[in-house]
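One structure below.
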Number of protein chains: 2
Amino acid sequence: MSAKTVSRVYDGSTNVSPDTRRRIEEAAARLSFRPNLLARDLRHGGVSSAVGFVLGDLTNPFYFQVAAGMERELAQHGLTMVLTATEDDPAEEERVAGTLLAQRVRALVLVPIAQDQSYLESERRLGTPVVTIDRPAHNLLADSVVLDNREGTAEAVRALTRLGHRRIAFVCSPADLYTHAERLAGYREALREVGVTDSSAWERLDDAGGRSTEAAVLDVLDQPDPPTAVVTGNNRASAALVRALGPARDDLAYVGFDDFDLADAFGFSVVAYDTREIGRAAARRVLERLADPQGAPVHVRIPTHLVARGSGERPPARSS
Amino acid sequence: MSAKTVSRVYDGSTNVSPDTRRRIEEAAARLSFRPNLLARDLRHGGVSSAVGFVLGDLTNPFYFQVAAGMERELAQHGLTMVLTATEDDPAEEERVAGTLLAQRVRALVLVPIAQDQSYLESERRLGTPVVTIDRPAHNLLADSVVLDNREGTAEAVRALTRLGHRRIAFVCSPADLYTHAERLAGYREALREVGVTDSSAWERLDDAGGRSTEAAVLDVLDQPDPPTAVVTGNNRASAALVRALGPARDDLAYVGFDDFDLADAFGFSVVAYDTREIGRAAARRVLERLADPQGAPVHVRIPTHLVARGSGERPPARSS
DNA sequence: TTGTAAGCGTTATCAT
DNA sequence: ATGATAACGCTTACAA
């Protein structure tokens with residue numbers, strides 16, 4: 001009963017007599033034996049069967065929904081997920097990615113926060129697939145899975161302009177540059193479609209001044225010709241709006257990017273999307289990239305859709 | 001320049017001349033060389049430097065906050081975290097735990113969902129620490145980290161009785177048996193302290209009847225002598241209460257177990273706790289158990305505290 | 001159907 | 001300060 005025979009029992013080989021197999025399985029159970037995947041992976045070219053996932057802000061449930069989707073999809077293909085966090089410290093990104101690469105993860109999925117991912121270029125060329133989530137990588141030919149941010153806000157704004165709104169504010173809590181810029185662009189684009197070309201008075205973005213987003217909401221509404229509607233650029237801004245205005249405010253229309261808990265209880269209309277699908281799509285990119293290491297980067301765009309709950313379907317208050 | 005010399009550069013050995021070290025580091029950078037942790041771990045007794053975390057319900061943000069705390073604490077000690085999910089399928093638990101053990105995780109942390117974890121007993125005896133979260137294991141001498149559920153609801157009820165409430169309802173969405181029983185026990189205990197010995201008319205628990213929790217909330221309030229206050233047993237029940245009653249309902253007092261997003265906007269008083277601390281505590285149990293494999297199981301209890309936001313500080317409406 | 005030898009990349013031991 | 005050798009537990013190639 002050599003090691004090789006035992007190995008055959010566990011690697012799905014058929015060349016084992018039923019009797020031998022049974023005896024081996026018995027002994028294994030008795031000794032709590034379990035094949036050592038470390039050794040197996042080492043033998044198989046020194047590459048593990050885990051995929052590394054680097055994410056930044058652990059307090060944002062968004063990323064965990066992504067992680068959940070990714071884990072499920074990977075598990076169906078015999079891969080596991082190693083999760084690490086950078087706590088939004090750009091300097092940590094390269095270090096934790098390095099740790100994962102040293103663990104010989106099969107692929108690397110990351111939410112980029114550093115301003116440059118070129119440090120991954122050599123690894124990628126050596127055959128480790130890299131997929132970014134939520135935004136594209138900088139200086140790296142990686143696959144990516146991002147939301148259709150631009151179309152998301154554009155759709156929200158269009159729904160409002162169709163109701164007659166023209167003075168529509170855009171308020172966003174500090175967010176990363178990319179999603180921020182895209183969502184803002186969609187907002188402006190949809191306004192331009194109805195002839196509004198200057199919305200600067202209604203935009204309240206990442207406040208360098210350190211003002212809170214709640215203050216920004218109140219501020220944008222406090223002007224001679226106040227907006228009749230508000231679009232929030234992310235769920236943190238939506239929460240700020242709820243806090244600033246109180247739950248029941250029916251003289252103002254608003255739509256938020258990102259769905260959130262109890263938004264239905266508030267009648268809060270939002271631009272939603274399938275968060276877990278982002279993770280599943282990333283996992284699929286990993287699998288396809290492993291099958292076909294060459295080829296140009298693939299960029300997947302996850303669609304958004306408007307969820308009408310009341311707050312976004314109100315026409316402008318008497319004025320017009 | 002033998003393999004051993006290169007190894008010395010990376011395992012923190014001092015017996016390398018500055019010159020050799022420099023040459024090796026140069027070559028490593030040029031060739032994108034990185035020590036293979038799989039091989040290292042194999043050499044070190046075939047045990048990896050990852051800790052496995054098995055969780056059930058991926059849609060519950062609670063577990064991800066736990067995961068976040070755990071990951072941070074482990075990372076500080078050079079360990080990584082492999083995350084897997086069972087999707088609340090008890091039958092999956094043993095399978096995914098087995099996968100992790102085959103990967104030779106240094107320890108196993110799990111949120112038990114199966115009715116029996118005895119299948120882990122041999123592994124634990126062989127030296128793999130096992131820590132359960134949120135509830136104790138069944139038939140397994142594992143360490144555990146749980147909330148002080150009983151004291152949590154007791155404190156909530158006491159705050160209400162102090163205001164004069166006596167008819168206090170307890171509503172809970174389906175939850176696992178253990179936390180459920182503990183929270184209910186705390187509720188009854190605190191009621192007994194003020195002489196209320198039969199609360200059965202005010203308890204609406206896991207409804208086998210398939211009624212929704214929202215219906216249960218309305219139902220418990222719809223009786224001849226209705227409760228003047230409600231305690232919800234988990235965040236899902238709190239959400240149901242908000243949906244059933246609407247955001248502004250100030251003729252009823254209520255306190256919910258588990259904090260939730262925008263609870264402050266609702267003025268919803270809750271029994272809160274440090275979710276990430278649960279994960280950190282689990283990581284610390286792992287580390288201590290690795291240092292001292294023997295010894296009786298240690299059970300850590302995470303304290304809860306009442307967060308007053310208005311809804312729980314209202315005295316009974318005129319009746320009394 | 002089963003076994004032998006070699007090697008995956010690292011490190012402990014024991015030279016030099 | 002550096003290197004040769006063997007070994008961690010597995011699997012591929014090649015016998016038997």
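We name chains A, B, ... by the order of the sequence lines, and we start the count at 1 in each one.
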message = Nearest whole Å is fine: how far is C:dG9 P from B:Y10 OH?
response = 15 Å
query = Atom CZ of B:R23 and atom C1' of D:dT2: how far apart are they, to the nearest Å?
reply = 11 Å
task = Please report, rounded to the nearest Å, how far the C1' atom of D:dC8 is from the CZ atom of A:F33.
result = 13 Å
request  = Mind calculating the distance between CG (B:D41) and P (C:dT11) to the nearest angstrom?
outcome  = 10 Å
Whole-Å gap separating P (C:dT11) and CG (A:L42) = 12 Å
ask   = What about B:R40, does its side chain sit under 3.5 Å from the base of C:dT10 through a donor-acceptor pair?
value = no
message = Should the side chain of B:K4 and the base of D:dA4 be counted as holding a donor-acceptor pair, with the cut-off at 3.5 Å?
response = no
note = From the list A:R289, A:R124, A:R284, side chain to side chain donor-acceptor pair (under 3.5 Å) partner of A:D143 resolves to A:R289
query = Picking from D:dA1, C:dT4, D:dT11, which would you name as closest to the side chain of A:S7?
reply = D:dT11
task = Calculate the interatomic distance between A:N36 atom CG and D:dC8 atom C1'; express it in whole Å.
result = 9 Å
request  = Figure out the NE2/P separation between A:H44 and D:dA13, and round it to whole Å.
outcome  = 11 Å
task = Taking atom types as modelled, find out whether B:S118 and B:D116 have a side-chain donor-acceptor pair closer than 3.5 angstrom.
result = yes
message = In this structure, how many angstroms lie between the C1' atom of C:dT10 and the CD atom of A:Q103, rounded?
response = 15 Å
Pair of N/O donor and acceptor under 3.5 Å linking C:dT11 base with B:R43 side chain = yes
request  = Please work out which of the three classes, parallel, tilted or perpendicular, describes the rings of B:F62 and B:Y273, given edges at 30° and 60°.
outcome  = perpendicular
message = By nearest heavy atom, map B:R8 and A:V6 onto DNA chain D; which one lands nearer the 5' end?
response = B:R8
ask   = Any donor-acceptor pair under 3.5 Å joining the side chain of B:R34 to the base of C:dG9?
value = no
